[in-house]
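What follows is one structure encoded as structure tokens, with my remarks underneath.
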Amino acid sequence: MRVIISSYYYPMVRINFSRFGFEEFFNCPFDRLEEEISRYSIHIKLQNSPQTPEERESYRNEIDRLTVLKYISQLRKGKLTKEDFSLKVALI
């Protein structure tokens, strides 16, 4: 007997990112992009857990920015297609 378990559909939330920022990091030297990713990663790791709503929002924004920078890096390396990128990031 075969049992099929259906999973719930969870809509993916797209991260808003400026078109200008995308163009800047997509066209910059690859070393600069990797330095920015490294800098943000270290900065996030060194933060204490955010306490206030403002700190939590700022922390979330920094994680979103780091995530988009990693997506741009994957896009430039050919590990992520433009279609997949546009499903994850909304350029505004």
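Just so it is clear, the structure is predicted and the values come from calculations on it, not from any experiment.
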Report the distance from atom [atom1] of [X] to atom [atom2] of [Y], rounding to the nearest 0.5 Å.
X	Y	atom1	atom2	answer
T81	Q74	OG1	CD	10.5 Å
S38	L66	OG	CG	10.0 Å
R39	I37	CZ	CD1	11.5 Å
E35	Y40	CD	OH	14.5 Å
S49	R56	OG	CZ	9.5 Å
F17	L91	CZ	CG	8.5 Å

Self-check item: Charged N-O contact under 4.0 Å between E34 and K70
Solution: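 Salt bridge absent between E34 and K70.
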
Quiz item: Is the closest basic N to carboxylate O distance between R60 and E57 below 4.0 Å?
Solution: no

Does a side-chain heavy-atom distance below 4.5 Å link [X] with [Y]?
X	Y	value
E36	R65	yes
R76	C28	yes
V68	I72	yes
F25	S73	no

Quiz prompt | hydrophobic_cluster_shared for I44 and L33, side chain cutoff 4.5 Å | solution = yes

Quiz item: Does L87 share a hydrophobic cluster with L75, counting links as ILVMFWY side-chain heavy atoms below 4.5 Å and allowing steps through other members?
Solution: no

Is a side-chain N or O of [X] found less than 3.5 angstrom from the main chain of [Y], in a donor-acceptor match?
X	Y	answer
R14	S86	yes
E55	Q51	yes
T67	I63	yes
D84	L80	no

Quiz item: Could you walk me through whether E62 and Q47 pass the side-chain hydrogen bond (donor to acceptor under 3.5 Å, both in side chains) check?
Solution: CA-CA 11 Å; E62 289 179 8; Q47 286 186 359; 2.8 Å; yes

Practice problem: Just jot down the ring-ring contact (aromatic ring centres under 6.0 Å, His included) partners of F22, sequence neighbours excluded, or say none. | Solution: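 In terms of ring-ring contact (aromatic ring centres under 6.0 Å, His included), with neighbours along the sequence ignored, F22 is linked to F26, F85.
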
Quiz item: Is the CG atom of N48 crowded by more than 12 outside heavy atoms at less than 6.0 Å?
Solution: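 Counting other residues, nucleotides and ligands, CG of N48 stays at 12 neighbours or fewer.
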
